[in-house]
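Report on the following structure.
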Amino acid sequence: MPYYPDEFKEYLKSKADIVAVISQFVPLKKMGRDYVACCPFHEEKNPSFHVRTDKQTFGCYACGAGSRNHSTVQSCDVYGFLKGILRCNLGEAIEWLANFLGEPLPVLDPEAKRKQDLRAKWIEYCERAAERFQQNLMNNKEALAYLYQRGFTMQDILLWKLGFGDDVDYDFRNTKDRIVFTLFDFHGNIISFTGRTMLPPNVLAEANKKLQAEGKMPIVKYLDRISIKPDDPYYKDHPYPEFDKGNHLFGMHIAKEFIRQWGEAVIVEGWTDVIKLHKYGVQNAVCTMGTALTEAQTKLLVRAGAKRVVSMRDGDEAGMKAIERDAKMLTSHGIQTFIIPMPEGLDPCDLCDNFEDEPDQLLRWMEKHRRTISQWRLERIHRETYDQIFYHQSEIAQLQQERMRKVIEVLSQVEDPVELDIYIRQASELFEVSYESIKARVDTYKHNQRHLIAG
Ligand SMILES: [Zn+2]
């Protein structure tokens, strides 16, 4: 597939009037400020096909063309229409549109062209593998039963292109005999796979204990594609020789539309968390695939239009550290961080299962448990020092001083005075210290810090 830079793709789209483009293929009838027609993607006598001029989008109410409910025509912009009507790939749709608008195609320098050709070849290679993995899964009763038993439906399997791995391709032989999660880039191109063992956690732990005792390598829960060493001749034909998960967010190709609309993203730890959350209406969920949030991933969130990010990391020590790291990264890009603390021992996937019978309750639960990062930090200090204070009443004065130092540090990072006032009130109640004394200490702390910076 010919590959053109995103800027060019967006430029053409901004130049094109979707009504003019669709009119080339379908006779449109004006209705208000929009247009209707009999749908070109299914047989019908009464028009269900709509074109919206304000949003420059199209859609069919009957067959779902222009939405993810449709099997092939899944995006509602001018490219989605062209790919569907011309049965072509994105590169060809761009060429058609450039020709239609009389815009010259960009000339690529040879190195850029070589890289783009490689990338296009890689995506095709991945798409073929994805199809095979899906076929494998459909023919594997045991793997299907495993997914059904874990609450995934055929719709989930098709939407997320879940599969079952084999060792046919050199790059993806790590997925052999594992459930395959397909990894998409920001635009929805397939770029890699991760294989998850089907062993239940307790069986896996038991097996690994045994392997360790025998001095053998343990079984890893998730395995990515193998990375190719630079001295491998195979390396030069790879656009992603060492696939870096840190450049992608799983689920982003679907979540980005919702993130743009809601201005908010939800970050979780794992693949299954994302799939389950989407199913329960949290369609702005993405995951970092087991890593801490990177700069590149944060930029993807910004690009998708996230102004707020809700972190739903695991409630263990590692999860809490990840939350703090995420918050630091997000703040540095102007994104506000919120936390939904996970109940002990549960991940978002389990949480969804708890709401199986009343899915809309999940959103209500999330709303109720949502906190700002400062609130979450205050509660954490309280929780972590509660026992100490309770059992060491004789040292209460000193312990109280110590924890108040932490509290003041958290509060001093809050810049907005109204917000700060709310947190001081909450801290006053939580730690049983007067509002005035906390306020005085925060003021002193802030004053000293300014002094330090100025000096
Ligand atoms: Zn239709």
Side-chain angles (χ1 to χ4, degrees), residues 1 9-10 12-101 123 127 130-131 134-135 138 152-162 182 184-190 251-262 275 278-281 283-284 304 359:
M1 167 175 115
K9 179 186 152 202
E10 292 305 318
L12 283 184
K13 189 170 153 179
S14 71
K15 284 252 157 182
D17 172 20
I18 197 165
V19 175
V21 171
I22 295 181
S23 299
Q24 296 291 309
F25 303 91
V26 186
L28 291 174
K29 231 170 79 186
K30 196 157 170 49
M31 207 172 93
R33 53 179 189 178
D34 297 333
Y35 291 82
V36 295
C38 283
C39 179
F41 301 110
H42 84 278
E43 288 282 333
E44 66 174 1
K45 291 208 172 74
N46 298 313
S48 313
F49 183 80
H50 287 240
V51 182
R52 286 190 61 169
T53 51
D54 57 342
K55 294 210 157 157
Q56 290 286 302
T57 57
F58 74 94
C60 174
Y61 296 132
C63 71
S67 77
R68 291 207 321 278
N69 299 329
H70 197 270
S71 58
T72 53
V73 187
Q74 295 193 329
S75 65
C76 61
D77 67 355
V78 66
Y79 292 117
F81 179 82
L82 286 171
K83 285 195 300 188
I85 203 90
L86 298 168
R87 292 172 192 279
C88 67
N89 59 41
L90 179 63
E92 288 158 345
I94 290 174
E95 286 171 0
W96 187 97
L97 191 57
N99 184 41
F100 176 70
L101 295 169
I123 289 166
E127 275 168 1
E131 259 171 50
Q134 192 133 73
Q135 265 318 310
M138 297 305 162
F152 297 105
T153 59
M154 186 49 82
Q155 203 183 355
D156 301 327
I157 292 171
L158 294 175
L159 176 62
W160 296 93
K161 291 202 187 336
L162 302 186
T182 300
F184 301 85
D185 69 5
F186 193 83
H187 305 287
N189 296 308
I190 300 175
M252 189 47 123
H253 68 296
I254 293 176
K256 65 179 179 194
E257 272 306 306
F258 298 91
I259 295 174
R260 187 176 56 76
Q261 283 175 36
W262 303 337
I275 298 176
H278 274 244
K279 201 182 159 91
Y280 284 76
Q283 284 148 306
N284 55 343

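Keep in mind that what you see is a predicted model, and the values were worked out from it rather than measured. Basis for what follows: all heavy atoms, side chains included, without hydrogens, waters or symmetry-related copies. We count ligands from 1, going down the list as the structure has it; atoms in each ligand are counted the same way.
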Quick one: the SG of Cys39, the Zn ion (ligand 1), SG of Cys63 angle, rounded to 10°, please.
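It is 120°, given to the nearest 10°.
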
Keeping [X] on the side-chain end and [Y] on the backbone end, is there a donor-acceptor pair under 3.5 Å?
X	Y	answer
Gln134	Lys161	no
Gln74	Gly66	no
Tyr79	Lys9	yes

State whether Cys60 contributes an N/O/S atom found under 2.8 Å from the Zn ion (ligand 1).
yes

Taking just the N, O or S atoms of His42, which one is nearest to the Zn ion (ligand 1)?
ND1

Would you say Glu10 has more than 12 foreign heavy atoms packed within less than 6.0 Å of its CD?
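For Glu10, atom CD is crowded (more than 12 foreign heavy atoms under 6.0 Å).
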
